[in-house]
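What follows is a short report on a single structure.
As the structure is a prediction and not an experimental result, all values here were calculated from the model. Start at 1 and go down the list; that is how both ligands and their atoms are numbered. Values reported hereafter were calculated over all heavy atoms of this structure, with side chains retained and with hydrogens, waters and symmetry mates removed.
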Amino acid sequence: MTAPFSFAGAPRFALANACALASHLPAKITPVDRDGFALLDILIDHGRIAEIAPAGRSEFGDAPGVALAGCIVLPPFVDAHTHLDKAHIWRRASNPTGDFDGALNAVAKDRAANWTATDVATRMEFCLRTAYAHGTAAIRTHVDSIGPQTRISWPVIAETRDRWRGRIDLQASPLFLIDFALDEAHMANIEAMLDAHGSNILGAVTYMTPSLRDGLEILFTLAERKGWDLDFHVDESADPRACSLAVIAETAIARHFAGRILVGHCCSLSLQPPEDQQRTIEAVAKAGVSVVSLPMCNMFLQDRQPRRTPRWRGVTAFHELEEAGVNVMIASDNIRDPFYAYGDLDMLEVWREGVRILHLDYPFAKWAPVVRAAPAKAMGLSLGEIRPGAPADLVLTGARDFTELFARPHADRTVLRNGAPLGPAPDYADLDALEGLS
Ligand SMILES: [Zn+2]
């Protein structure tokens, strides 16, 4: 049996012989195979999971069955780091050098020229339809918040978040260089927009600028006053001297910061001398800071030089952070924009690529939290397991074990939300009007 599975549309039906990770289930179901999977029958009734039983041992009466034949069923994904406002601008703002500076320049030009409320709203809507179709239930996006763009984008964020409530839980964090934190007019603008339209999250890009410590003090102070969480883009650099991560962790510890902190990228950490790296990782663990790695985007941008083959995958010291007890996860980051030419807000693709780039295998199941439980924790979401009483939100794949899961894209997966199968991801042609193509 391969996906797509066929559903007759009955309100009460059973998924027969489904394969689920024991760690995604509330009670101990046996037997569990060497990869951590158990075979189950799942009864779905009017959009909710009514009952779960070991495969073949259930009595679900006359409920029609959908034969999953041992295929893997996953709970929906959580994508903790994206840029929905930049997405899908590649064709009008390509990055001729493919590197970080080329991306910054290309985005700045396109933003000034094209990012009207309609443009941002249309691309964000396309993103959410795509992520939803792929099986994502919660997303955090960063929002370029600089100059006049701040007051254009934030109302769009709020409208989009309201429209998608119940389907995708959308959070947003402002994005600007930490230097701008010292600009009072800029910060007044940020505070006003977050008060009106925000998600109680404040953020910035940190790097080795003279303004780093003063900027952090200003942002921590504002977050403490408001009860907001913090989210930083950190040390997205191959320069081992880039160590703003350590400064963030030290600041959080010194201030006894009570909110959640999520940091993304931290690329340079993996290139630092072992003693420095260890000291920073210990501080990150002590501060309770969560770390999100963006493996696809990092591998695209980092170590890119003309006419030279890349030697480094660009990712942070992921295993070492996890070993120290840090809440670690992976996420999409940019898609089809100057920072990353590819991507589709597909967390199964991110997981597959994460497994390959970061060696999130042996055992595979150990790392399953990086696409759901870990980002949910960092985002303050309480998502439960696959359990009776929960909405029947499930991603049904055609794979029967981890190598089948990660060997193919599973573009034909079936995503159930409230027990009903979703349609496919939107057609790229839906974006043509933005580029004057239709
Ligand atoms: Zn990012």
(request) Please report the number of protein N, O or S atoms that lie less than 2.8 Å from the Zn ion (ligand 1). (result) 4
(message) Looking at W115, I'd like to know if the NZ or CZ of R123 sits under 6.0 Å from its six-membered ring centre while staying within 45 degrees of the ring's axis.
(response) yes
(message) If the threshold is 4.0 Å, N to carboxylate O, is there a salt bridge linking E353 and R356?
(response) yes
(message) Would R336 pass as a cation-pi partner of Y428, given that its NZ or CZ must be under 6.0 Å from the six-membered ring centre and within 45 degrees of the axis?
(response) yes
(request) Applying side chain to side chain contact (heavy atoms under 4.5 Å, CB included), run through E191 and D195 and close with a yes or a no. (result) CA-CA 6 Å; E191 186 176 339; D195 278 341; 3.8 Å; yes
(request) Indicate yes or no: does D432 engage R91 in a salt bridge with an N to O separation below 4.0 Å. (result) yes
(message) Using side-chain heavy atoms (C-beta onward) and a distance below 4.5 Å, is K226 in contact with L194?
(response) no
